Amino acid sequence: QVQVAEFGGGLVQTGGSLRLSCMISDRTFNNYEVAWYRQPPGKDREFVAAIDWRSGSAHYEDSVKGRFTISRDSANNIMHLQLNSLKPDDTTIYYCNEFVEIFNLDKLTRWGQGAQVTVSS
């Protein structure tokens, strides 16, 4: 599991944009596929996007595909998530962590504070 801190949340109107940043301190992070997750109120944590640190290859949850873009700044050990065309349903706390399959999410026991994204109508 990577050690992370999330930044960049905020309040925007529908259709607006935010950029989230995940600062990674784990010394072996560059061997991981790193991911963004979110946890809507009353729901379990869910996958949003992931990026292979070595290759830059990314994949996305269907509801954000085409709107969100994940990237990494290897020189500074930072992962970004650009959130465009935001919808009220995107409102929740966003977290970063090692990518795992959804059935292995319980293995991720170390989470940061998260970044709160709020999208108003």
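Predicted model, so just to flag it, every value in this text is computed and none were measured.
For Asn76, the side-chain contact (heavy atoms from CB on, under 4.5 Å) partners at least two apart in sequence or on another chain are Asp73, Ile78. Judged as a salt bridge (Lys or Arg N to Asp or Glu O under 4.0 Å), and not counting sequence neighbours, Arg19 has no contacts. Checked against side-chain contact (heavy atoms from CB on, under 4.5 Å), Ser121 has the following partners two or more places apart in sequence or in another chain: Pro88. Arg38 is linked by a salt bridge (Lys or Arg N to Asp or Glu O under 4.0 Å) to Glu46, Asp90, counting only residues two or more places apart in sequence or in another chain.
The ring-ring contact (aromatic ring centres under 6.0 Å, His included) contacts involving residues 76-97 comprise Tyr95-Trp111, where partners must be two or more places apart or lie in separate chains. Legend: side-chain hydrogen bond (donor to acceptor under 3.5 Å, both in side chains) pairs involving residues 6-16, not counting sequence neighbours: none detected.
Aromatic ring centres of Phe47 and Phe99 lie closer together than 6.0 Å.
Between the side chain of Glu101 and the backbone N or O of Phe103 there is no donor-acceptor pair closer than 3.5 Å. Distance alone, capped at 3.5 Å, is enough to place a donor-acceptor pair between the Thr91 side chain and the Val119 backbone. In this structure, Ser25 contributes its side chain and Gln3 its backbone to a donor-acceptor pair below 3.5 Å. Of the possible polar contacts, none joining the Arg72 side chain to the Met79 backbone as a donor-acceptor pair under 3.5 Å is found. Within the 3.5 Å criterion, the main-chain N or O of Ser55 finds a donor-acceptor partner in the side chain of Asp52.
Side-chain contact check for Tyr37 versus Asn97: some heavy-atom pair is nearer than 4.5 Å. Counting heavy atoms from C-beta on, the side chains of Val100 and Leu105 come closer than 4.5 Å. Inter-residue side-chain proximity for Glu98 and Lys107 is flagged as unmet; no heavy-atom pair is nearer than 4.5 Å.
The side-chain contact (heavy atoms from CB on, under 4.5 Å) test with Thr118 singles out one residue from Leu11, Leu86, Val12, and that residue is Leu11.
Rounded to the nearest 0.5 angstrom, Arg67 CZ and Asn84 CG are separated by 9.0 Å. Between atom CZ of residue Phe68 and atom OG of residue Ser63 there is a gap of 7.0 Å, rounded to the nearest 0.5 Å.
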Run the side chain to side chain contact (heavy atoms under 4.5 Å, CB included) check on Thr69 and Leu81 step by step: do they pass? CA-CA 6 Å; Thr69 302; Leu81 185 68; over 6 Å; no

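Heavy-atom minimum distance, Leu20 versus Ala115: CD2-CB, 4.0 Å. Shown here for Ala58 and Ile70, the closest heavy-atom pair between the two residues is CB-CG2, 3.4 Å. A pairwise comparison of heavy atoms in Trp53 and Asn77 identifies CZ2-CA, 4.1 Å as the closest pair.
Using a 4.5 Å cut-off between side-chain heavy atoms of Ile, Leu, Val, Met, Phe, Trp and Tyr, with links allowed through other members, Met23 and Trp36 fall into different hydrophobic clusters.
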